[in-house]
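We're numbering straight along the sequence, starting at 1. All values below were derived from every heavy atom in this structure, side-chain atoms included, with hydrogens, water molecules and symmetry-related copies excluded.
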Amino acid sequence: MRPRKTILCVDNDEHSLSIRKVMLETRGYRVIQATRGRDALEIFAKGGIDLLLTDLVMPELDGHDLIMQIKAMSPETPAVLLSGRVRNYDRESVADVFLSKGNCDAAALLERIRILLIRKPGPKRAAMATAVPMPVSAAS
């Protein structure tokens, strides 16, 4: 059995957050929730997050700024930006996908997440710290 992918789901609306959590967990994902962008940054810094799913409009640190800070730490981490208030996101974003809550159903969201996680590169292997020793010739 392959390991479950972990999604960090961020929204200041706890009802929406719990609905997304149930939807994602029933599809086999592990979900970590945060209701504030600052909390999400702390969670992300601990590691183990495969994808960020965040609402756009939140107090203190909005979804756009959250994604910018996450991408600064880990550019390869896929990020999905959701909004219920904005239909077209014209501001330049580092989000991999922008979805309007009103125009996107659950199946479309799940498909976007699935595709982003397939494309995500695997963990980078640490460079070898020491050089491979060369065999010693018998003539030495």
Side-chain angles (χ1 to χ4, degrees):
M1 188 170 121
R2 59 186 179 155
R4 295 190 310 167
K5 298 289 185 175
T6 302
I7 297 174
L8 175 55
C9 199
V10 188
D11 196 328
N12 61 310
D13 179 352
E14 292 185 27
H15 179 71
S16 296
L17 196 58
S18 65
I19 290 170
R20 265 183 235 119
K21 179 179 169 86
V22 169
M23 176 185 69
L24 292 166
E25 285 182 340
T26 58
R27 298 323 188 275
Y29 297 108
R30 180 174 173 250
V31 178
I32 298 174
Q33 298 179 171
T35 56
R36 297 175 356 152
R38 298 270 177 235
D39 295 339
L41 284 173
E42 289 177 18
I43 292 167
F44 187 83
K46 293 177 185 174
I49 302 299
D50 296 297
L51 182 136
L52 172 66
L53 174 63
T54 183
D55 188 31
L56 173 61
V57 180
M58 295 186 295
E60 296 176 30
L61 182 67
D62 71 7
H64 172 79
D65 293 335
L66 173 62
I67 291 173
M68 286 187 61
Q69 291 187 37
I70 296 276
K71 291 284 190 174
M73 288 187 271
S74 175
E76 71 279 356
T77 300
V80 178
L81 184 60
L82 294 171
S83 179
R85 296 184 185 169
V86 178
R87 289 184 185 250
N88 294 317
Y89 194 62
D90 57 359
R91 192 167 143 196
E92 190 171 318
S93 175
V94 291
D96 296 283
V97 175
F98 172 77
L99 298 172
S100 172
K101 291 178 187 176
N103 295 335
C104 175
D105 62 3
L109 174 61
L110 289 167
E111 182 62 12
R112 294 291 182 111
I113 289 170
R114 186 186 71 77
I115 290 168
L116 286 170
L117 288 171
I118 288 171
R119 291 181 184 166
K120 179 185 177 197
K124 294 185 173 107
R125 296 183 185 264
M128 292 179 54
T130 59
V132 177
M134 298 299 291
V136 178
S137 67
S140 302

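- Taking Gln69 as the reference, nothing meets the side chain to side chain donor-acceptor pair (under 3.5 Å) condition, with sequence neighbours excluded.
- Between Asp105 and Ala108, the shortest heavy-atom contact is OD1-N, 2.9 Å.
- Counted by atom type alone, Thr35 and Gln33 present zero donor-acceptor pairs between their side chains at under 3.5 Å.
- Atom CE in Met68 sits 12.5 Å away from atom CE in Met73 (nearest 0.5 Å).
- Nearest heavy-atom pair, Cys9 versus Val31, reported as atom, atom and distance to 0.1 Å: CB-CG1, 4.0 Å.
- The two residues Ala95 and Leu81 make their nearest non-hydrogen contact at CB-CB, 3.9 Å.
- Considering Ile70, Val80, Ile7 as possible partners of Leu52, the one that fulfils the side chain to side chain contact (heavy atoms under 4.5 Å, CB included) test is Ile70.
- When the salt bridge (charged side-chain N to carboxylate O under 4.0 Å, His left out) test is applied to Arg36, the partners found at least two apart in sequence or on another chain are Asp39, Glu60.
- For Val10 against Ala40, the heavy-atom pair with the smallest separation is CG2-CB, 3.5 Å.
- Note that CG of Asp55 is 6.5 Å distant from CZ of Arg20, once rounded to the nearest 0.5 Å.
- For the atom pair Asp96 CG and Ile115 CD1, the distance stands at 12.0 Å (nearest 0.5 Å).
- In this structure, CD on Glu25 lies 9.5 Å from CZ on Arg30, to the nearest 0.5 angstrom.
- Under a 3.5 Å cut-off, the side chain of Ser74 and the backbone N or O of Lys71 do not form any donor-acceptor pair.
- Annotation: the span from Leu82 atom CG to Leu109 atom CG amounts to 6.0 Å, rounded to 0.5 Å.
- Met23 contributes atom CE, which lies 9.5 Å from atom OH of Tyr29 (distance to the nearest 0.5 angstrom).
- Under a hydrophobic clustering in which Ile, Leu, Val, Met, Phe, Trp and Tyr are joined whenever their side-chain heavy atoms come within less than 4.5 Å, directly or via other members, Val57 and Ile67 fall into the same cluster.
- Using a cut-off of 4.0 Å between Lys/Arg side-chain N and Asp/Glu carboxylate O, Arg38 and Asp65 are scored as not salt-bridged.
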